[in-house]
There are 2 protein chains.
Amino acid sequence: MSKIKITSTNFENKKVLEEECSEVYAANIIGGQWSLVICSWLLQGKMRFSELNKVIPNITERMLTLQLRKLEQDNIITRKVYAEFPPKVEYELTEIGYELRPIIVQMEQWGKRHKYLNSK
Amino acid sequence: MSKIKITSTNFENKKVLEEECSEVYAANIIGGQWSLVICSWLLQGKMRFSELNKVIPNITERMLTLQLRKLEQDNIITRKVYAEFPPKVEYELTEIGYELRPIIVQMEQWGKRHKYLNSK
DNA sequence: GACATAACTTACATTTTTGATAGTACCTTA
DNA sequence: TAAGGTACTATCAAAAATGTAAGTTATGTC
C-alpha cells in the first residue's frame, strides 16, 4: 500500500493492464485485503472510525487508516471530520462507491456457491 | 503466491474474513494480479498456454504458470494436456469459472464509469 | 496535574507477491 | 547431430503489502 515505485516493472504492468482492462482497474481499487469488508459495512450507511474498527475482526488501526486513505483517494468514500471532542470522523460511500453494491452482492453469491461446490 | 505461512497473522486474518464474508473469499480467488485478465480471455473459450502468453501483455511465463496453477487449484479452470508433439496444453473455465462472467462484466462497467468520472 | 478518549502516526519487522534470468524434457525436422 | 518448438521449473532478487508496538494530539473530567 501507498509506496508503489513508479519505476518498477510491477507498476508498469499494472498501468498497462488497467488501461486495457477496466475490470482489472476496478480490482486494483477494491482489491486491498480489507477494502471489500469496509465497503460492505459502509453500504449500510456511514460509520465512524472506531465503529469500523470494532466490527471488522482483527484489523489494526494502522491498516484501517491505510485502507480508508486509499479508498478516499480513489473517491470511493468521503471523510467527514467533526470539530468535537473527543474526535469524531465519519466515513461514507460516494455515489460511485454505492454503485459497488451489485458487484459486492454478486461476489458474495458467487463466493457462497463456490464454497458450497468445493465442500461437496 | 503459493507460500502462505499458515502460522502468520495474515493467513489467520484471511481465513477469518473469508469465513464471514463470501465476497472477500471470492476476491481472494480472483484477486491475483493477472487472474482477471486470464479469466476474461478464457470467457471466450479455451486457450493454450502460449496463446495466453501472447495476448497478455508483459506477463512472464513464471507468473502465467503460477496463476494458472492457482486457478486450477481453486477449480476455476481445468488443464488438459494433449499427448502430442510439440506439447499442447489447453486451459478452460469450469462451470463455476464461467459463472464469473456477470461479476467481470459488472466490474468492467463500473471500472469504465469510475475512470470517466475521475477524468472530469 | 494525572488520566482518559478517538483518531490517528511513526518506525521497524515480517510476509507475500512479483520479476529477471536461466535452464529442463520431450520430440521432430533439417 | 544440431537446432527448434512448447510448456514448463528453479533460483535468486526486488518490491509491495501487512503486522507489531509504541507514540501523538487535543480536550475534557476527576
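If you're wondering where the values come from, they're calculated on a predicted model, not measured in any experiment. Below, each value reflects all heavy atoms present in this structure, side chains not excepted, and no hydrogens, waters or symmetry copies. Below, read A as the first sequence line, B as the second, and so on, with proteins coming before strands; counting in each chain starts at 1.
Phosphate proximity of C:dT18 to B:Q67: present, with a side-chain N or O under 4.0 Å from OP1 or OP2. In this model, the phosphate group of D:dT20 is approached by a side-chain N or O of B:T9 to a distance below 4.0 Å at OP1 or OP2. Neither OP1 nor OP2 of D:dG19 sits under 4.0 Å from any side-chain N or O of A:T60. Taking 4.0 angstrom as the limit, A:S8 places none of its side-chain polar atoms (N or O) nearer than this to OP1 or OP2 of C:dG19. For the pair A:N13 and C:dG19, the criterion of a side-chain N or O lying under 4.0 Å from OP1 or OP2 is met.
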Just distance, no hydrogens or angles: give the donor-acceptor pairs under 3.5 Å from side chains in residues 88-99 of chain B, sequence neighbours left out.
from: B:E90; atom 1: OE1; to: B:Y82; atom 2: OH; distance (Å): 2.8
from: B:Y91; atom 1: OH; to: B:R79; atom 2: NE; distance (Å): 3.3
from: B:T94; atom 1: OG1; to: B:N75; atom 2: O; distance (Å): 2.7
from: B:T94; atom 1: OG1; to: B:I76; atom 2: O; distance (Å): 3.2
from: B:T94; atom 1: OG1; to: B:G97; atom 2: N; distance (Å): 3.1
from: B:E99; atom 1: OE1; to: A:R113; atom 2: NE; distance (Å): 2.5
from: B:E99; atom 1: OE1; to: A:R113; atom 2: NH2; distance (Å): 3.3
from: B:E99; atom 1: OE2; to: A:R113; atom 2: NE; distance (Å): 3.4
from: B:E99; atom 1: OE2; to: A:R113; atom 2: NH2; distance (Å): 2.5

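The B:N10 side chain lies nearest to D:dT18 when the options are D:dA16, D:dT18, C:dG19.
Under a 4.0 Å N-O distance rule, the pair A:K15/A:E19 does not qualify as a salt bridge.
Where B:F49 and A:I59 each meet DNA chain D at their nearest nucleotide, the meeting point lying more 5' is that of B:F49.
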Enumerate the protein-to-nucleotides 9-12 of chain C contacts in which both atoms are nitrogen or oxygen and the separation is below 3.5 Å.
from: C:dT9; atom 1: OP1; to: A:R69; atom 2: NH2; distance (Å): 3.2

Please lay out, stage by stage, how A:L68 and A:F49 fare under the test side-chain contact (heavy atoms from CB on, under 4.5 Å). CA-CA 9 Å; A:L68 288 170; A:F49 184 88; 3.8 Å; yes
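For A:K115, the NZ atom sits in a packed shell: over 12 heavy atoms of surrounding residues, nucleotides or ligands are nearer than 6.0 Å.
Summarising the geometry, the separation between CD on A:E12 and P on C:dT18 is reported as 16 Å, rounded to the nearest angstrom. Atom CG in B:N28 sits roughly 13 Å away from atom C1' in D:dA17 (whole-Å rounding). Rounded to whole Å, the distance from CG on A:L66 to P on C:dC8 is 12 Å. The separation between A:E51 atom CD and C:dA6 atom P is 11 Å, rounded to whole Å. If you measure from atom CG of B:L17 to atom P of D:dA17, you get 18 Å, rounded to the nearest angstrom.
A chain of hydrophobic side-chain contacts below 4.5 Å, direct or via other Ile, Leu, Val, Met, Phe, Trp or Tyr residues, connects B:I38 to B:W41. Follow the hydrophobic side-chain contacts under 4.5 Å out from A:Y25 and you reach B:L117 in the same cluster.
Between B:C21 and A:E108, every side-chain heavy-atom pair lies at or beyond the 4.5 Å cut-off.
Looking at residues 84-92 of chain B, you'll see B:F85, B:P86, B:P87, B:K88, B:V89, B:Y91 sit with a heavy atom under 4.0 Å from some atom of DNA chain D.
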